[in-house]
Amino acid sequence: MTGKLAHSYLFVPGNRPERFAKAWAAGADAVIVDLEDAVPIEDKVRAREHVAEWLSPERPVLVRINAADTEWFQEDAALCRMPGVAGVVLPKAEHVEDIRHFAAQCPIYPLIETANGLWHAEALARQPEVARLVFGSIDFQLDLGISGDDDELLYFRSQLVLISRIAGLPAPVDGVSVALDDAGQLRADVQRSRRLGFGAKLCIHPKQVEHVNAGFRPGAEDIAWAMKVVDAATAARGAAVAVDGRMIDRPLIERARQILADAERHT
């Protein structure tokens, strides 16, 4: 994991140790070693052993453990005390008690993927252990009987963005795109996430990482506009000013500064 705020979170199955190093080298801002959905029931224990053998402070990762109501939760949680675990991705997050189980052990990333999870998302977001909310969009669709990942989930995505802002958290992480071989669809999904106020996205394959990172990185046109706005505002010294025929007010100036700051983090 890098020191900057992550834009890409790459899953790797916990029962495929031969893929761990490849995932680490794929260029993602954060790697999530998965002990939950990607691992068959018969492989749960062995997957945990694989992860324990590979963990190292030199390559910190997040770990998605099994849900609190499963037989694997306690031992998964114990694994997360090991050096090299930078945070816990908590699936089916619904109750603050499940987060408090970890106390100040490590940062928690609650996966909001049920109706109850969204209903209690603000309470979850206000827990001091929580680093960032994550949208488990596919399981969320299943739980609510929703068919579709676009307008059908608009309200719920916007709720997570709003709750994150109110709770003082970084912009949330959007769910995965299942399009593995359709770069155009993936780019469109990332653009939608960014327009709605998300700050990152889950990835299920290394080849998605580059598109996700590029989608959240300020583009050349954005940077040029931001520089023009900031320069004009500085020169105006508080007076009203127009850029490209448009009046520039304080929110636009702050937006321009945010773009330049984000660009600086990526250099």
Side-chain angles (χ1 to χ4, degrees), residues 5-7 9 11 30 32-39 62-81 85-177 189 192-202 204:
L5 187 64
H7 291 314
Y9 291 78
F11 280 113
I32 305 172
V33 182
D34 190 13
L35 298 177
E36 197 217 10
D37 280 353
V39 179
L62 306 179
V63 177
R64 178 163 73 169
I65 63 175
N66 287 282
D69 60 354
T70 69
E71 63 185 279
W72 307 285
F73 176 76
Q74 293 294 337
E75 292 190 55
D76 286 356
L79 169 75
C80 294
R81 300 188 186 99
V85 177
V88 175
V89 179
L90 183 64
K92 308 296 189 296
E94 297 179 347
H95 309 291
V96 295
E97 291 78 11
D98 298 333
I99 291 173
R100 290 172 181 165
H101 174 88
F102 294 90
Q105 178 179 325
C106 57
I108 307 298
Y109 296 75
L111 258 173
I112 307 302
E113 47 190 347
T114 65
N116 277 332
L118 184 64
W119 192 257
H120 297 115
E122 184 177 348
L124 296 171
R126 292 190 182 278
Q127 300 308 301
E129 299 86 359
V130 170
R132 205 170 192 181
L133 296 179
V134 185
F135 190 31
S137 52
I138 294 178
D139 281 302
F140 190 86
Q141 290 176 70
L142 178 64
D143 189 54
L144 274 72
I146 293 173
S147 177
D149 186 49
D150 198 17
D151 289 346
E152 299 85 355
L153 295 181
L154 174 60
Y155 171 80
F156 309 109
R157 283 190 164 102
S158 295
Q159 285 293 301
L160 290 181
V161 172
L162 177 63
I163 289 168
S164 296
R165 183 70 182 94
I166 290 172
L169 294 177
V173 183
D174 204 358
V176 302
S177 293
D189 289 347
R192 177 189 62 200
S193 299
R194 189 175 180 184
R195 287 198 309 272
L196 291 179
F198 282 81
K201 190 167 177 60
L202 299 174
I204 53 175

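FYI, side chains are in, hydrogens and waters are out, and symmetry mates aren't considered; it's all heavy atoms of this structure.
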(request) Among I99, V88, L90, find the residue that satisfies the side-chain contact (heavy atoms from CB on, under 4.5 Å) test when tested with E129. (result) I99
(message) Could you walk me through whether L35 and W72 satisfy the side-chain contact (heavy atoms from CB on, under 4.5 Å) test, starting with their C-alpha distance in whole Å, then the side-chain angles of each, then the deciding distance to 0.1 Å, before giving a yes or no?
(response) CA-CA 9 Å; L35 298 177; W72 307 285; over 6 Å; no
(message) Is any side-chain heavy atom of L133 closer than 4.5 Å to one of I163?
(response) yes
(message) Testing the basics here: between F198 and V173, what is the closest heavy-atom pair and its distance to 0.1 Å?
(response) CD2-C, 3.6 Å
(request) State, with a plain yes or no, whether a side-chain heavy atom of I112 is found less than 4.5 Å away from one of F156. (result) no
(request) Of all the heavy-atom pairs spanning C80 and C106, show the shortest one and how long it is. (result) O-SG, 4.3 Å
(request) Give a yes or no on this: more than 12 heavy atoms of other residues, nucleotides or ligands lie within 6.0 Å of atom CD of E152. (result) yes
(request) Determine yes or no for a side-chain-to-main-chain donor-acceptor pair under 3.5 angstrom, with N66 supplying the side chain and T70 the backbone. (result) no
(message) Could you tell me if the side chain of L154 sits less than 4.5 Å from the side chain of L196, heavy atoms only?
(response) yes
(message) Could you work out, with ring-ring contact (aromatic ring centres under 6.0 Å, His included) as the rule, every residue matching H101, not counting sequence neighbours?
(response) F73
(message) Using every non-hydrogen atom in the two residues, find where L124 and A93 come nearest and quote the distance to one decimal.
(response) CD1-O, 3.7 Å
(request) Report yes or no: does D143 contribute a side-chain atom to a donor-acceptor pair with the main-chain N or O of A115 at less than 3.5 Å? (result) yes
(request) Look at R192 together with D149 and state whether they make a salt bridge at an N to O cut-off of under 4.0 Å. (result) yes
(message) I need the D98 CG to Q127 CD distance, nearest 0.5 Å.
(response) 10.5 Å
(request) Mind jotting down which residue pairs meet the salt bridge (charged side-chain N to carboxylate O under 4.0 Å, His left out) criterion with at least one end in residues 99-117? Sequence neighbours excluded, please. (result) K92-E113
(message) Could you check whether R64 and Y9, counting side-chain N and O atoms only, form a donor-acceptor pair closer than 3.5 Å?
(response) no
(message) Are V33 and V85 packed together at the side-chain level, in the sense that at least one heavy-atom pair is separated by less than 4.5 angstrom?
(response) no
(message) What I'd like to find out is whether the side chain of V176 reaches to under 4.5 Å of the side chain of I138, using heavy atoms alone.
(response) yes
(message) I need the minimum non-hydrogen distance between P170 and S164, along with the two atoms involved.
(response) O-CB, 3.7 Å
(request) Spell out, as yes or no, whether a donor-acceptor pair under 3.5 Å connects the side chain of R132 to the backbone of A6. (result) yes
(request) Indicate whether any N or O donor in one side chain lies under 3.5 Å from an N or O acceptor in the other, for E94 and T114. (result) yes
(request) Measure the CG-CG distance between D139 and D37 for me, rounded to the nearest 0.5 Å. (result) 5.5 Å
(request) To the nearest 0.5 angstrom, please state how far the CZ atom of R126 sits from the CG atom of L169. (result) 9.0 Å
(message) Quick one, F135 and L118 - any side-chain contact, counting heavy atoms below 4.5 Å?
(response) no
(request) Check A30 against L62 and note the closest heavy-atom contact, atom names and distance. (result) CB-CD1, 4.5 Å
(request) Kindly indicate whether the side chain of V161, heavy atoms from C-beta on, has any atom under 4.5 Å from the side chain of P172. (result) yes
(request) Measure the spacing between CG of L202 and CZ of F11 and express it to the nearest 0.5 Å. (result) 5.0 Å
(message) Could you check whether any side-chain heavy atom of D34 comes within less than 4.5 Å of a side-chain heavy atom of V63, counting everything from C-beta outward?
(response) no
(request) Starting at CG of D189, measure out to OG of S193 and round the result to the nearest 0.5 Å. (result) 6.5 Å
(message) Between H7 and K201 (side chain of the first, backbone of the second, donor and acceptor by atom type, cut-off under 3.5 Å), is there such a pair?
(response) no
(message) Using side-chain contact (heavy atoms from CB on, under 4.5 Å), reason through E122 and I166 one step at a time and then give a plain yes or no.
(response) CA-CA 8 Å; E122 184 177 348; I166 290 172; 4.2 Å; yes
